[in-house]
Amino acid sequence: MHQRPVRVRFAPSPTGGLHLGGVRTALYNYLFAKKHHGTFVLRIEDTDQTRYVQGAEQYIVDCLEWCGISPDEGPHRPGKFGPYRQSERKDVYRVFAEQLVSNGHAYYAFDTPEELEKMRTDFKSDNNPSPQYNHTTRMKMCNSLTLSKEEVEKKISDKVPHVIRILMPDQEEIKLNDIIRGEVVFHSHLVDDKVLLKADGMPTYHLAVVVDDHAMEITHAFRGEEWLPSAPVHVLLWQFLGWSDVMPAWAHFPLILKPDGQGKLSKRDGDRLGFPVFAMDWRDPKTGELTKGFKEMGFLPDAYINLLALLGWNDGSGQEIFSKEELIQHFSVERIHKSGAKFDFEKAKWYNHEWVKKSSTDLLLPLVQELLSSNQIHTNDELLQTAIPLIKERCHVINDFLLQLKYFFVDPTQLDTEAVKPKWDEKKSAFFQSFVKELESLSSWNIEEIEKCFKDLSLAQGLKPGDVQLPFRVMLVGGKFGPAVFEIAQLIGKDATLRRIDTGLSSFNI
RNA sequence: GGCCCGUUGGUCAAUCGGUUAAGACGCCUCCCUUUCACGGAGGAAUGAGGGGUUCGAUUCCCCUACGGGCUACCA
């Protein structure tokens with residue numbers, strides 16, 4: 001039974017943007033599936049109709065695709081285990097819930113929300129701030145345990161709204177073997193009678209995961225640590241439904257924490273601290289509010305999955321930069337950490353920088369073209385192809401290419417005069433005036449010629465070449481950055497160079 | 001409150017009883033470069049506390065402290 005083909009699933013609920021932790025969960029599932037030549041399934045957990053958000057499902061699919069970790073099966077790639085949206089599997093859950101009732105593992109409960117509320121306030125105390133529907137309270141409530149068979153039948157035939165709750169056994173040790181954490185033991189009398197089937201006929205997560213993981217032949221169930229407390233319910237359900245022999249292996253991933261303070265990382269933290277939390281831009285259809293994504297902030301997909309993979313896992317070798325193929329090869333669930341990791345945006349940028357540096361011009365070119373054209377800069381591919389390798393080590397994110405590339409195509413609009421003026425004088429001004437004349441009569445326009453001309457002339461005028469190089473740079477690019485000046489001069493051409501010296505001269509001479 | 005999980009530098013982290021406790025990010029110094037980067041060489045910075053077990057604990061066990069998660073007809 002442990003020789004079954006590996007099948008794992010990522011099961012988000014379509015309630016909004018896809019958060020770092022979600023992508024990492026998807027990624028670990030993906031890596032595991034690929035490593036074991038298994039299948040990666042996307043299942044949409046949309047059982048809460050009140051939280052359904054338009055467009056969220058497509059957004060999830062798009063994010064995974066951008067990351068390069070698209071599922072093998074899912075709503076958009078149907079396989080033989082569909083449908084992959086829980087809302088479309090509604091009918092199957094009731095059957096199992098009823099089966100649990102007839103086996104004595106679950107019961108009908110007719111308590112209204114108001115009655116539940118009343119129970120919680122009535123039983124609330126300092127010792128017990130949040131009373132549960134469990135062995136201490138269940139016999140005081142309105143359910144098929146306290147009502148006669150006739151009353152229950154009548155209520156059901158009268159279509160009185162009701163839920164089905166699991167009947168937690170009294171004194172039982174529920175053991176869970178977690179790949180990351182080892183054996184975790186829960187005591188059944190401390191777990192409450194969770195709702196399995198809601199009054200609207202939809203299952204809760206608890207029933208749905210088990211039924212679907214079974215139906216979809218999931219062999220390894222991976223999810224975030226926040227699910228650990230409800231794991232005993234799931235284990236029991238596998239047992240009660242008679243499926244113990246095919247219960248998946250479990251692993252609960254550590255949480256990704258806020259960079260400062262403590263607690264789970266949330267979208268708010270990103271807004272507050274100025275970094276993305278979602279994989280891609282997300283626009284809330286209700287409020288219209290736009291939340292920035294890693295993609296749009298200029299991250300490369302390979303860098304993104306690399307940094308995510310290493311946030312909570314490493315192969316022990318010290319290697320930090322992994323391609324997707326290497327991740328698949330080296331990944332192991334056993335080496336995922338137990339403790340949560342604080343997200344560090346600086347390190348994230350470092351990862352991206354490493355990937356930018358090692359990326360080919362071909363890969364960078366279309367991204368850079370899009371960046372520049374969306375900033376109304378007209379480019380030509382030939383120049384871009386020569387310029388990209390010259391400046392990519394200066395770019396942490398794709399968006400940095402704008403500053404580093406812009407001056408190759410348009411004259412700088414603002415010059416960093418402060419960098420020049422304190423040391424600017426008549427002599428230097430005169431130098432550039434004669435430099436312009438020399439350049440005009442230059443026989444051929446190449447780095448060597450330009451540089452020779454520049455140096456010879458400055459020496460001839462009693463200036464150190466270095467002293468006039470910075471002003472020259474500022475004239476050409478606008479600031480103290482960029483590759484070798486003479487190379488820039490060559491690439492932007494004679495006309496632009498002369499023009500920029502001219503405008504530079506006038507702004508320095510003010 | 002209860003239950004569960006966790007705790008090595010500011011951050012990510014290696015170590016599977018014996019190490020001068022790796023490496024990376026960030027920070028600082030220097031070199032390269034008369035720009036900015038890249039690259040190179042250095043530096044500061046870590047085992048929460050207390051008990052055990054052991055010849056020997058960062059490593060195994062217990063307690064305490066601290067942090068987190070969960071405690072919905074949400075996932």
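Naming convention: chains lettered A, B, ... in sequence-line order (proteins, then strands); numbering from 1 in each chain. All values below come from the heavy atoms of this structure, side chains included, with hydrogens, waters and symmetry mates left out.
In this pair, W227(A) and Y205(A) present their aromatic rings parallel. The plane angle is below 30°, not in the 30 to 60° band. Note: F431(A) and F435(A) have parallel aromatic rings, judged against thresholds of 30 and 60 degrees for the angle between ring planes.
Nucleic acid contact class of G224(A) (heavy atoms, under 4.0 Å, all strands): none. Across all strands shown, P232(A) has no heavy atoms under 4.0 Å from either base or sugar-phosphate atoms. Within the 4.0 angstrom heavy-atom criterion, only backbone atoms of the sugar-phosphate kind lie near H337(A); the bases stay farther away.
Comparing the C1' positions of G26(B) and G9(B) gives a spacing of 12 Å, expressed to the nearest Å. Between the P atoms of C5(B) and G51(B), the separation comes to 26 Å (whole Å). Look at the C1' atom in both C60(B) and G23(B): the space between them is 26 Å, to the nearest Å. Taking atom C1' on both nucleotides, C62(B) is separated from G69(B) by 24 Å, rounded to a whole Å. One C1' atom belongs to A45(B), the other to C28(B), and the distance between them is 12 Å to the nearest Å. Comparing the same atom, P, in U59(B) and in C27(B) gives a spacing of 33 Å after rounding to whole Å. Between G47(B) and A21(B), the distance separating the two C1' atoms is 8 Å to the nearest Å. Comparing the same atom, C1', in C32(B) and in G68(B) gives a spacing of 47 Å after rounding to whole Å.
The side chain to side chain contact (heavy atoms under 4.5 Å, CB included) search around E393(A) returns K357(A), not counting sequence neighbours. Partners of K118(A) under the side chain to side chain donor-acceptor pair (under 3.5 Å) rule, at least two apart in sequence or in another chain, are D122(A). Remark: F343(A) pairs with F275(A) by the ring-ring contact (aromatic ring centres under 6.0 Å, His included) rule, at least two apart or across chains. Residues satisfying the ring-ring contact (aromatic ring centres under 6.0 Å, His included) criterion with Y304(A), sequence neighbours excluded, are W66(A), F294(A). Taking H162(A) as the reference, R94(A), Y108(A), F110(A), I156(A) meet the side chain to side chain contact (heavy atoms under 4.5 Å, CB included) condition, with sequence neighbours excluded.
The nearest whole Å value for the distance from the NZ atom in K349(A) to the P atom in C25(B) is 15 Å.
Judged by the 6.0 Å distance and 45° axis criteria, K428(A) is not positioned over the aromatic ring of W424(A).
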Under 3.5 Å, which N/O atoms of the protein pair with N/O atoms of nucleotides 59-66 of chain B?
none

Could you write out each protein N or O paired with an N or O of nucleotides 73-75 of chain B at a distance under 3.5 Å?
unit_1 : atom_1 : unit_2  : atom_2 : d
C73(B) : OP2    : R120(A) : NH2    : 3.4
C73(B) : OP2    : R165(A) : NH2    : 3.2
C73(B) : O2     : A199(A) : N      : 2.7
C73(B) : N4     : D111(A) : O      : 3.0
C74(B) : OP2    : K198(A) : NZ     : 3.0
C74(B) : O2'    : D48(A)  : OD2    : 3.1
C74(B) : O2'    : R51(A)  : NE     : 3.2
C74(B) : O2'    : R51(A)  : NH2    : 3.4
A75(B) : OP1    : T47(A)  : OG1    : 2.7
A75(B) : OP1    : K198(A) : NZ     : 2.8
A75(B) : OP2    : Y205(A) : N      : 3.3
A75(B) : O3'    : E45(A)  : OE1    : 3.3
A75(B) : O2'    : S13(A)  : OG     : 3.0

Distances under 3.5 Å between protein N/O atoms and the N/O atoms of nucleotides 26-34 of chain B, please, pair by pair.
unit_1 : atom_1 : unit_2  : atom_2 : d
U34(B) : O4     : G466(A) : N      : 3.1

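Side-chain contact check for R181(A) and H252(A): no donor-acceptor pair (N or O, by modelled atom type) lies under 3.5 Å.
Heavy-atom nearest nucleotides on RNA chain B were determined for G263(A) and for Q404(A), and the one closer to the 5' end corresponds to Q404(A). With RNA chain B read from its 5' end, the first of the two nearest nucleotides for E393(A) and A341(A) is the one closest to A341(A).
When side chains are defined from C-beta on, V356(A) does not count as touching S359(A), because their heavy atoms never get closer than 4.5 Å.
Here the shortest heavy-atom pairing between L371(A) and L402(A) reads CD2-N, 3.4 Å.
The closest donor-acceptor contact from the side chain of D158(A) to the backbone of V160(A) lies at 3.5 Å or more, if one exists at all. Between the side chain of T204(A) and the backbone N or O of L197(A) there is no donor-acceptor pair closer than 3.5 Å.
Applying the side-chain hydrogen bond (donor to acceptor under 3.5 Å, both in side chains) definition to pairs two or more places apart or across chains, those involving residues 395-408 of chain A are H353(A)-H396(A).
Residue K342(A) has no polar side-chain atom (N or O) positioned under 4.0 Å from OP1 or OP2 of G10(B). Note on N314(A): every side-chain N or O is 4.0 Å or more away from OP1 and OP2 of C12(B).
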Under 4.0 Å protein heavy-atom contacts per nucleotide of nucleotides 1-6 of chain B, with B for base, S for backbone only and - for none: B-SSBS
Secondary-structure notation, RNA chain B, from Watson-Crick and G-U pairs under 3.5 angstrom (| other strand): (((((((..(((.....[....))).(((((.......)))))....(((((..]....))))))))))))....
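In this structure, CG on D302(A) lies 7.0 Å from CG on L300(A), to the nearest 0.5 angstrom.
Under the 6.0 Å cut-off for aromatic ring centres, F278(A) and H19(A) do not qualify, their centroids lying 6.0 Å or more apart.
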Return all side-chain donor-acceptor pairs below 3.5 angstrom for residues 469-478 of chain A, not counting sequence neighbours, or 'none' if the list is empty.
unit_1  : atom_1 : unit_2  : atom_2 : d
R473(A) : NH1    : F481(A) : O      : 2.7
R473(A) : NH1    : G482(A) : O      : 3.2
R473(A) : NH1    : P483(A) : O      : 3.1
R473(A) : NH2    : P483(A) : O      : 2.9

